[in-house]
Amino acid sequence: MSNVIRIKKGLNINLVGEAEKTIKELSTDQFAIKPTDFIGVFPRLLVKEGDELKVGSPIFADKQRSELLFTSPVSGRVTEVRRGAKRVLLEIRIESDGKGEALDFGAADPLKLDREAIIAKMLQSGVWPVVRQRPYSVIAKPTDKPKAIFISTFDTSPLAPDNDLIVHGHDKAFQTGLDALSRLTDGKVHLNIDANATESKVFTGSKNVQINRFAGPHPTGNVGVQISRLDPINKGEVVWYVGPQEVLSIGQLFLTGKYDATRIIALTGSEVLYPAYYKTFTGAKLNSFVAKNTSEAPKRFISGNVLTGTRIEADGYVSFYHHQITVIKEGNYHEFLGWALPGFGKFSISRTFPSFLFKNRKYRLDTNLHGGHRAMVMTGQYEKVFPFDIYPMQLIKAIITENIDLMEQLGIYEVDDEDFALCEVIDTSKTNIQEIVRQGLDMLRKEMS
Amino acid sequence: MKFLRDFLDKQKPQFQKGGKFEKFHSTFDAFETFLFVPDTTTQSGAHIRDAIDLKRTMSVVIVALIPALLFGIWNTGYQHFLSQGQHPGFWPIIGYGLLKVLPIIVVSYVFGLGAEFVFAQIRGHEVNEGYLVSGMLIPLVMPADIPLWMVAIASLFAVIIGKETFGGTGMNVFNPALLARAFIFFAYPAKITGDTVWIGGLSKGAVDGFSGATPLSYAANGLVEKLPSLTDLFYGFIPGSIGETSKLAILIGAVILIATGIGSWRIMLSGLIGGITMTLIFNAFAANVYMTIDPLTQLMMGSFLFGLVFMATDPVTAAQTTTGKYIYGFLVGMLAIMIRVFNPAYPEGTMLAILLMNALAPLIDHYVVEANIKKRMKRAVAK
């Protein structure tokens, strides 16, 4: 327990609008499941508008892996199937009847089940999609044998939810979830905690796992960084990862036999009047969080955090893997000579702004790009916030030139787009790096399959 | 500033596709974004971004160059009146300096930026801020008596051949400002060598006994005893290219670059160590008079420090990996002194050393990255 893995490179961005540590019940009956949340999934719809659903009723399956089911988080009725350009399935909207009637998949002690039975139960109930793999961040293939499973119990991104608070009192469900996961790999289950902040006994008292202690700025909480320190991914290898709230879902499935899509979502950001935690289910409607609870300014709603989250509209829904909503100001304004003025109050990692003198100040940042797109001119910037043994700029350029061999050699399997989020934030050239990295990963995924 | 914004918004449609002045779109955009940071918001990836952009970055370099520029203006006047045997007050000196230096700066910017604007329009991208720095560096590495038409041709050469043929800012192999200098040196050798070009108006004659020789030319001719004092070398009361003479001004610039994190201290430090190492090696052999010059004097002569602080650190043409930067800087320092001492045809080695290392930087990076790849392969095999 005494070995702390210290990570030096990185950056904590302190923003205004941290959620107050109280959990409220969210009163909403509007939910949706968004196939676009799942990378590489081609949905085959199993319901139509008006169908009655129970908790755990299948809604769509993956065309290529028909055993992969996505099920309803609540009981109720399908109100709308929304499609976008080229009939891409965008949202399956569900109205909850509030009864919470659930299909029973059978409670069982995972330690007494074999691997196949555990997987079958997880697939059938629709809890399986919470298990994802690296590389590529796609839903894990049940037939793969992952070399290890990683759980990051802390989130270091801006305004991130506090998982200690979220799992409080769920010792049993969490441990049952871990037990189930421990049966899925021949390797270790790594439970990674923050050496300085994690206090919850739910995490520190876990069994059947290896507890690793990390300390450092963001992206230390990223599971990718933790994997790279503990058991880096080589070509052809696969590791699985699960978030702590998702472990609870797995645990509840085995404790109660029912699919539990409960999520505690942190409502954060400078434009939220009363930031707090809300208890609801996956895919809750954004409106129900932010109605009468945001400022008047033009806003951007983000499902997730400001670094990696997805922009959603006011009538949108929280994404499946997100535990946070961030609301910040839109930055669509011109700024007179903004590049030349001293710029007090502006955020910058570079020492060309006075911000470096005020390490602990909290910022109210907006979505302005602060400049135009340029060629990559500066060097050595990304390295300051990129705690991998990888040359980030060289890798990005290999992706831009679609050089697959070079991408592999430079270690693309070890990273995910979220690991480049900070590089993107501090980039002078304003390159959309995460998009590029995602394209590279997609390219390899198609090439390798 | 509302009226200015309104004015721009009103003019903007004329410069967009289909507008009357469509051909000047890039030019308009360059001026608009100069006045106002654009209202673009993040559309993909991280929703918040650092306040820094390339304009900010480049303006820091410009600020770092200002001490060298101001001293250069003064020194141009000072050296001129010295050569004429006169000792006027401060303002006439500045006046003469401005008269000499300002036209060079204007010509460099007009021709260089002009070429940039044309290329940006043809290629359909925004005007890159890179030339703001190059356009200032070019005058600072020129001798005061350089004919303006040469500056114009050199600026065009730097932008067109040095940068745009490679794909524009960020893609160039060689430092554009140094290319401009090298171009003049190789295209008009008769004009830019000798002792008279370094001081404004010297070619038209001087008082008796005034040679105008730079410290480097004394050193190359073995006249070590004629070298200026260390104090003169440090403050820069010596003939030389406009911006290179005052080591104090250059050091102020270096401090600005390092403090803001814009210039690589790694390259500066390892370059300094490289230069000292080479000089000490020469001192050990001491085969001729030049080789006996002590490290401090060596480093303060010529453009060694100017090149190291402002040109070797150009992020585009230097090595890009951290390890690579140390190697690159060290070799720049070593080669600069080596060429200076060994090459009788040209007294200064910094320009050639940096250009040579610009060409070799990708190779250095290649081997540094290769080591990382090998380590990864080893790990995969060890499994």
Side-chain angles (χ1 to χ4, degrees), chain A residues 13 232 234-235 300 302 306-309 311 326 328 330-340 343 346-353 365-380 383 389-391 393-394 409-411 421 424-430 432-435, chain B residues 1 4-5 8 29 32-60 125-126 128-130 167-171 259-262 264 266 315-316 318-322 325 365 368-369 372-373 375-377 379-381 383:
Chain A
I13 302 175
N234 300 306
K235 185 182 177 180
R300 174 168 303 187
I302 302 162
V306 290
L307 298 181
T308 60
R311 176 186 194 161
T326 314
I328 56 173
E330 275 291 3
N332 50 346
Y333 53 84
H334 289 276
E335 191 187 359
F336 182 66
L337 290 181
W339 57 275
K346 280 191 183 173
F347 166 77
S348 178
I349 188 181
S350 81
R351 293 186 297 265
T352 59
F353 286 90
L365 298 185
D366 56 49
T367 63
N368 192 290
L369 199 56
H370 300 293
H373 290 286
R374 292 291 183 270
M376 290 179 195
V377 166
M378 296 304 286
T379 59
E383 282 83 348
D389 185 18
I390 285 175
Y391 285 99
M393 186 141 164
Q394 280 71 13
Q409 290 171 347
L410 289 172
E424 187 172 65
V425 170
I426 64 156
D427 184 20
T428 307
S429 72
K430 311 291 176 192
N432 288 327
I433 299 173
Q434 291 191 79
E435 197 176 288
Chain B
M1 289 309 132
L4 198 57
R5 183 68 248 163
L8 284 173
D29 181 78
E32 189 198 358
T33 58
F34 180 85
L35 287 172
F36 291 93
V37 172
D39 60 349
T40 334
T41 55
T42 51
Q43 295 303 327
S44 124
H47 298 267
I48 54 170
R49 299 297 169 98
D50 200 301
I52 195 169
D53 67 348
L54 209 53
K55 280 192 182 61
R56 184 86 175 183
T57 308
M58 292 301 174
S59 46
V60 167
H125 60 69
E126 293 181 35
N128 212 302
E129 289 80 3
T169 302
M171 322 287 177
T260 52
I262 297 296
S264 166
R266 293 185 174 89
V316 175
Q320 303 189 339
T321 54
T322 307
K325 280 177 183 154
D365 281 337
V368 172
V369 173
N372 178 272
I373 291 173
K375 194 160 68 177
R376 186 165 292 109
M377 302 268 260
R379 190 185 71 205
V381 172
K383 272 275 174 175

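Here is the naming used below: chain letters follow the sequence lines, and residue numbers restart at 1 for every chain.
Taking A:Asp427, A:Ile433, A:Leu307 one by one and counting their heavy-atom pairs under 4.5 Å with chain B, the maximum is reached by A:Leu307. The greatest number of non-hydrogen atom pairs below 4.5 Å with chain B, out of A:Gly331, A:Ala375, A:Ser348, is found for A:Ser348. Heavy-atom pairs under 4.5 Å with chain A peak, among B:Met171, B:Lys375, B:Arg266, at B:Lys375. Taking A:Met378, A:Met393, A:Glu330, A:Lys346 one by one and counting their heavy-atom pairs under 4.5 Å with chain B, the maximum is reached by A:Met378. In terms of heavy-atom pairs under 4.5 angstrom with chain A, the leader among B:Ala51, B:Ala259, B:Gly45, B:Ser59 is B:Ala51. Most heavy-atom pairs under 4.5 Å with chain B: of the set A:Lys235, A:Lys430, A:Glu435, A:Glu383, this distinction falls to A:Lys430. Between chain B and the options A:Ile390, A:Thr308, A:Ile328, the largest number of non-hydrogen pairs under 4.5 Å is found for A:Ile390.
Looking at B:Val369, the atoms closer than 4.5 Å to chain A (heavy atoms on both sides) sit in the backbone and in the side chain alike. Only the backbone of A:Met376 comes within contact range of chain B, with heavy atoms under 4.5 Å apart. Both the backbone and the side chain of B:Ser44 come within contact range of chain A, each with at least one heavy atom under 4.5 Å from a heavy atom of that chain. Of the two parts of A:Gln409, the backbone and the side chain both hold a non-hydrogen atom closer than 4.5 Å to a non-hydrogen atom of chain B. If you measure heavy-atom distances from A:Glu335 to chain B, the contacts under 4.5 Å come from both the backbone and the side chain.
No donor-acceptor pair under 3.5 Å is formed between the side chain of A:Arg374 and the backbone N or O of B:Leu54.
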Check step by step if side chain to side chain donor-acceptor pair (under 3.5 Å) holds for B:Thr42 and A:Arg300.
-> CA-CA 10 Å; B:Thr42 51; A:Arg300 174 168 303 187; 3.0 Å; yes
Let me see the working for B:Asp365 and B:Thr321 under side chain to side chain donor-acceptor pair (under 3.5 Å), right down to the final yes or no.
-> CA-CA 6 Å; B:Asp365 281 337; B:Thr321 54; 2.8 Å; yes
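Contact record, B:Ser264 with B:Lys325: OG-CD, 3.7 Å, taken as the closest heavy-atom pair.
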